Amino acid sequence: MTKEKIVEWLKTDDEQVLEGLWRQADQARQLAVGDDVHLRGLLEISNYCVRSCQYCGLRVESTELPRYRMPEHEIMDCVGEAVSYGYGTVVMQAGEDFGLTTDWISHIVRRIKTETDLAVTLSLGERSLDELAQWRAAGADRYLLRFETSNRSLFERIHPSLPGKTSDRIDLLKQIKSLGYETGSGVMIGIPGQTWDDLAEDILLFRELDLDMIGVGPFIAHGGTPLGRPAENNPDQVPNTELMTYKVIALTRLVCPLANIPSTSALATLNLARGRELGLARGANIVMPNLTPKQYRPLYEIYPAKACIDETAAECRACMHGRIRSVNRNVGSGRGDSPNRASGDTGSGPLR
Ligand code: SF4
């Protein structure tokens, strides 16, 4: 698909045309990854972060926010819950927290891999190649790192580098892939200053990077951050709407048919009643029920009014099962590895 065609889809509000897009994406999803919806148990293991991302409630400047780091025994209790619920994967996510040391994460990964059959996904920010290699050697299967936008100057504006370092997530993703991780990335939709061309380039970059997992979600302004104010009224500005998020999910499915694509909690935040289901009906095949203990959930507020912060892990599981069945799909079993990874088919041309 060309960039021009992607921009055309992104800009259309014609309901009949969009019905065609949803249909194509759903067919592509069914052909490429089938009807199973895989559940990833999400564990937000620490809300410490050294970064200053302009949109994020966990940024280091959020000094009022009580910080936590889950102890090993709590993590392992939640891992036990993941097993008892039949999940195939546990995702350990945190801010960029160097208090989560290389050895400690390696130890936790090793324990999970020794004591369970779960796949382990890490999402711990921009870490060094040595650390990433050690965690891979300890048994970590997958790594998630969103590049957020392919527009370099916009990225630098919203995501300042640490002093003395240059943040290059696209390069890091290539390194992560070369270490043998199943590699995931994604973007925000409707970042203030993001244009239609930028978003189309993002979707093409998914293909070029040959990603195994692709998560996209709307930009949701957080009042306590520099990007907490509404975007300027600019005709080139991508809106941060629910509809735009469905369009990006659908186009991502068409451009990267074999990737695992989640219907995210950010989507559920915009439409609690139907957001996840509509994401699943328009190209997605993954959901991520939250396993994080209830006392920590309100403290992992990357954006405000996040969905599902009051439910227990058991309630999240029951809710997800119901939602999956309501759209006539099956609850997947096993690890739900990315068919893209299994195919070894890049379909993408050279990496930049
Ligand atoms: S987006 Fe991630 S790296 Fe940036 S401040 Fe938030 S938690 Fe930290």
Side-chain angles (χ1 to χ4, degrees), residues 42-70 91-102 105 121-128 131-132 135 142-173 175-176 183-194 202 213-229 240 262 264-267 269 288 290 292 296-307 309:
L42 176 65
L43 255 181
E44 293 153 338
I45 62 173
S46 161
N47 72 347
Y48 283 90
C49 188
V50 296
R51 305 302 291 262
S52 303
C53 303
Q54 302 275 294
Y55 51 88
C56 177
L58 304 192
R59 63 203 302 267
V60 68
E61 289 82 1
S62 297
T63 48
E64 305 284 292
L65 180 71
R67 303 283 175 164
Y68 72 88
R69 220 172 260 135
M70 285 177 64
V91 181
M92 291 199 284
Q93 188 174 72
E96 213 163 291
D97 174 13
F98 293 91
L100 300 173
T101 63
T102 319
I105 291 290
T121 303
L122 299 178
S123 181
L124 304 176
E126 296 170 38
R127 306 292 295 238
S128 75
E131 293 178 296
L132 293 163
W135 297 336
R142 308 177 183 140
Y143 203 90
L144 297 176
L145 182 72
R146 285 190 178 193
F147 63 77
E148 303 297 8
T149 171
S150 55
N151 177 329
R152 184 73 209 166
S153 66
L154 179 59
F155 178 82
E156 283 170 5
R157 207 163 351 121
I158 64 169
H159 198 277
S161 293
L162 287 172
K165 281 187 174 178
T166 304
S167 195
D168 187 342
R169 290 190 166 198
I170 294 169
D171 187 56
L172 193 53
L173 282 163
Q175 315 249 32
I176 289 168
T183 305
S185 191
V187 296
M188 277 189 303
I189 297 158
I191 306 165
Q194 184 184 43
D202 294 346
M213 306 171 279
I214 304 166
V216 302
F219 163 75
I220 300 176
H222 188 302
T225 66
L227 280 188
R229 294 172 295 280
N240 60 336
T264 59
S265 56
L267 205 41
T269 297
M288 297 176 70
N290 205 329
T292 309
Y296 299 128
R297 290 196 199 181
L299 305 179
Y300 205 86
E301 199 188 52
I302 290 178
Y303 53 83
K306 209 169 139 193
I309 57 168

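Computed from a predicted model, the values in this text were never measured in an experiment. In listed order, ligands and their atoms are each counted from 1. Keep in mind that the numbers below use all heavy atoms, side chains included, and drop hydrogens, waters and symmetry copies.
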Worksheet item: Got Asp202 and Phe147 here, is their nearest side-chain heavy-atom distance under 4.5 Å?
Response: yes
Worksheet item: Is Tyr55 close to Ile191 at the side-chain level, that is, under 4.5 Å between some pair of heavy atoms?
Response: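 Side chain of Ile191 against side chain of Tyr55, heavy atoms only: no contact under 4.5 Å found.
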Worksheet item: atom 6 (Fe) of ligand 1 to Cys56: any N/O/S contact under 2.8 Å?
Response: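 Given the 2.8 Å cut-off, Cys56 counts as a ligand of atom 6 (Fe) of ligand 1.
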Worksheet item: Of the protein's non-hydrogen atoms, which lies at the shortest distance from atom 1 (S) of ligand 1, and what is that distance?
Response: Tyr55 OH, 3.5 Å
Discussion item. So, applying side-chain hydrogen bond (donor to acceptor under 3.5 Å, both in side chains) with Asp97, which one of Arg69, Arg67, Arg127 is it?
Written reply: Arg69
Worksheet item: Stepwise, does the side-chain contact (heavy atoms from CB on, under 4.5 Å) test hold for Thr292 with Tyr300?
Response: CA-CA 10 Å; Thr292 309; Tyr300 205 86; over 6 Å; no
Discussion item. Whether Arg51 and Glu126 form a salt bridge (side-chain N of Lys/Arg under 4.0 Å from carboxylate O of Asp/Glu) is what I want to check.
Written reply: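 Salt bridge: yes.
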Fill in: atom 3 (S) of ligand 1 within contact range, any protein heavy atom under 4.0 Å
yes
Fill in: Sub-4.0 Å atoms of ligand 1 with respect to non-hydrogen atoms of Cys49
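In order of number, 3 (S), 5 (S), 7 (S), 8 (Fe).
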Worksheet item: Going by the atom numbers of ligand 1, which of them fall below 4.0 Å from some non-hydrogen atom of Gly95?
Response: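 Ligand 1 atoms under the 4.0 Å threshold to Gly95: 7 (S).
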Worksheet entry | Residues Glu61 and Ser52: side-chain donor-acceptor under 3.5 angstrom |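 Yes, because at least one side-chain N or O of Glu61 sits under 3.5 Å from a partner of the opposite role on Ser52.
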Worksheet item: Of all the atoms in His159, is at least one N, O or S atom closer to atom 4 (Fe) of ligand 1 than 2.8 Å?
Response: no
Item to complete: May I ask you to check whether Cys53 brings an N, O or S atom to under 2.8 Å from atom 8 (Fe) of ligand 1?
Response: no
